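This report refers to the structure that appears directly beneath it.
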Amino acid sequence: MNKFTSSTEVDGFVHVPVLMSELITGLNISSSGHYLDATVGGGGHTRLILETFPDVRVTAIDRDPMAIAAAAATLQEYGNERLQFWQGNFAEYQPPGIKFDGIIADLGVSSAQLDLSERGFSFRHSAPLDMRMDRSQSLTAAEIVNHWDEKSLADIFYQYGEEKLSRRIANKIVAQRPFQTTTELAYAIAGCFPRKSRFGRIHPATRTFQALRIVVNGELDSLKKFLDVAPQWLKIGGIIGIISFHSLEDRLVKYAFRDSSYLQVLTKKPIISQADEVENNPRSRSAKLRFAQRISLE
């Protein structure tokens, strides 16, 4: 496990997990079970798992050292015997000769990453164009925005952001770069839209920022690899539950569960947040939860 970050960074990392009761219920946690939280974030889902039985254990993963540090600090009461951490990309994890009773993954960017302006995930505050979940990697959003060619930009905005104005946005970025901050970029993107489209529920830069974040972190490639190997980490009867936040992720999860020779799909349609959760946490509006169960050794 990599070294933790400073306490100042930990104090700023607060993540609000979604679909908590639905995830824990669907996971069907058993006494003395060992579970994998592949995206621990601030530790909210892991805490719920650990609270179910006094002998339940969790292995917790995250790419972001700040998330690991925050979870370790808030969950220290459970000790090393019940909770272990591994910092890195969940697609690169290799269980040390063990099988899990259940696996969970809460995909995408966390509340903390969005709210900490210096991370550069959000355009609500001016910040450097970063967007790295693991800040030890070299590729940043600034590198993509300021150095990639126009066609490549248009392609990723369309493919990973499902942005219909991808060509127009890419053209404007190339014409006006370099960009230094998130707000500068968001303002330029908004200018590509008709005036009446700039003030809707979704900011016009949202899809482009999503695309940049996905590419910076290689999110979909990592998810594909994870979905391919994770079922093999389960015991027979073990359950995997994955929360996604946009159609690209949900589509991958849906078809990976359906096509896996190891799994039986438990949710024909995704579970979504109830009205009270959406009211208390608007980010849960787009969350979709799917479950599958390990049924085969082959």
Side-chain angles (χ1 to χ4, degrees), residues 12-29 35-52 56 58-64 66-68 70-71 73-75 83 90 102-116 119 121-122 124 131 133 161-162 201-203 206-207 209-210 213-214 217 219-220 222-223 226-227 230 239-254 256-257 265-292:
F13 199 102
V14 179
H15 176 55
V16 182
V18 301
L19 293 167
M20 291 190 293
S21 61
E22 293 88 347
L23 183 63
I24 297 304
T25 299
L27 204 57
N28 193 24
I29 298 169
Y35 294 84
L36 175 68
D37 186 343
T39 52
V40 68
H45 289 131
T46 285
R47 178 179 289 279
L48 289 176
I49 294 172
L50 291 167
E51 286 177 346
T52 55
V56 165
V58 173
T59 296
I61 295 174
D62 208 284
R63 296 177 70 175
D64 191 337
M66 285 183 64
I68 294 286
T74 59
L75 300 171
L83 177 60
F90 59 14
I103 297 172
I104 63 171
D106 182 355
L107 304 175
V109 65
S110 72
S111 305
Q113 289 164 333
L114 287 169
D115 292 338
L116 292 169
R119 301 299 298 271
F121 286 101
S122 173
R124 290 180 299 167
M131 299 192 189
M133 292 180 181
E162 300 178 295
R201 183 173 64 87
I202 299 177
H203 190 283
T206 299
R207 289 179 291 273
F209 269 61
Q210 172 185 296
R213 191 201 78 221
I214 287 172
N217 297 289
E219 291 178 33
L220 295 186
S222 293
L223 178 57
F226 175 74
L227 290 169
I239 294 173
I240 181 170
I242 297 184
I243 300 173
S244 61
F245 287 87
H246 55 75
S247 60
L248 298 175
E249 291 175 337
D250 182 58
R251 195 176 302 128
L252 288 176
V253 175
K254 175 183 177 180
F257 282 3
V265 174
L266 300 179
T267 46
K268 291 184 178 179
K269 293 184 178 180
I271 299 167
I272 61 175
S273 300
Q274 299 301 304
D276 56 345
E277 181 175 10
V278 173
E279 182 178 355
N280 293 325
N281 180 16
R283 289 173 182 159
S284 68
R285 181 184 293 109
S286 58
K288 294 181 178 180
L289 169 61
R290 294 183 185 271
F291 286 108

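The figures that follow rest on heavy atoms only: side chains count, while hydrogens, waters and symmetry mates do not. Residue numbers count from 1 along this sequence. Quantities reported herein were computed from a predicted structural model and do not represent experimental measurements.
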With side chains defined as the heavy atoms from C-beta onward, is the minimum distance between [X] and [Y] less than 4.5 Å?
{"X": "Leu248", "Y": "Arg251", "answer": "yes"}
{"X": "Ile104", "Y": "Tyr35", "answer": "no"}
{"X": "Glu51", "Y": "Ile24", "answer": "no"}
{"X": "Lys288", "Y": "Glu249", "answer": "no"}
{"X": "Leu23", "Y": "Leu48", "answer": "no"}

Between the side chain of Thr39 and the main-chain N/O of Ala105, is any donor-acceptor distance below 3.5 Å?
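A pair under 3.5 Å: no.
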
Using modelled atom types only, decide if a donor and an acceptor are shared between the side chain of Glu22 and the backbone of Ile272 within a distance under 3.5 Å.
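Pair absent, no side-chain N/O of Glu22 close to backbone of Ile272.
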
On a heavy-atom basis, which atom in [X] and which in [Y] lie closest, and how many Å separate them?
{"X": "Ser222", "Y": "Asn217", "answer": "OG-O, 4.3 Å"}
{"X": "Thr74", "Y": "Gly42", "answer": "OG1-O, 3.5 Å"}
{"X": "Ser284", "Y": "Val278", "answer": "OG-CA, 3.4 Å"}
{"X": "Val58", "Y": "Leu50", "answer": "CG2-CD2, 3.7 Å"}
{"X": "Phe291", "Y": "Leu27", "answer": "CE2-N, 3.9 Å"}
{"X": "Met133", "Y": "Arg119", "answer": "O-NH2, 3.3 Å"}

Before giving the answer on side chain to side chain contact (heavy atoms under 4.5 Å, CB included), spell out for Phe90 and Leu36 the whole-Å C-alpha distance, their side-chain angles and the decisive distance to 0.1 Å.
CA-CA 10 Å; Phe90 59 14; Leu36 175 68; over 6 Å; no

Report the C-alpha distance between Phe226 and Ile103 in whole Å, list the side-chain angles of each, state the deciding distance to 0.1 Å, and finish with yes or no for side chain to side chain contact (heavy atoms under 4.5 Å, CB included).
CA-CA 11 Å; Phe226 175 74; Ile103 297 172; 4.0 Å; yes

Please test Thr267 against Leu289 for side chain to side chain contact (heavy atoms under 4.5 Å, CB included), starting from the C-alpha separation and ending with a verdict.
CA-CA 8 Å; Thr267 46; Leu289 169 61; over 6 Å; no

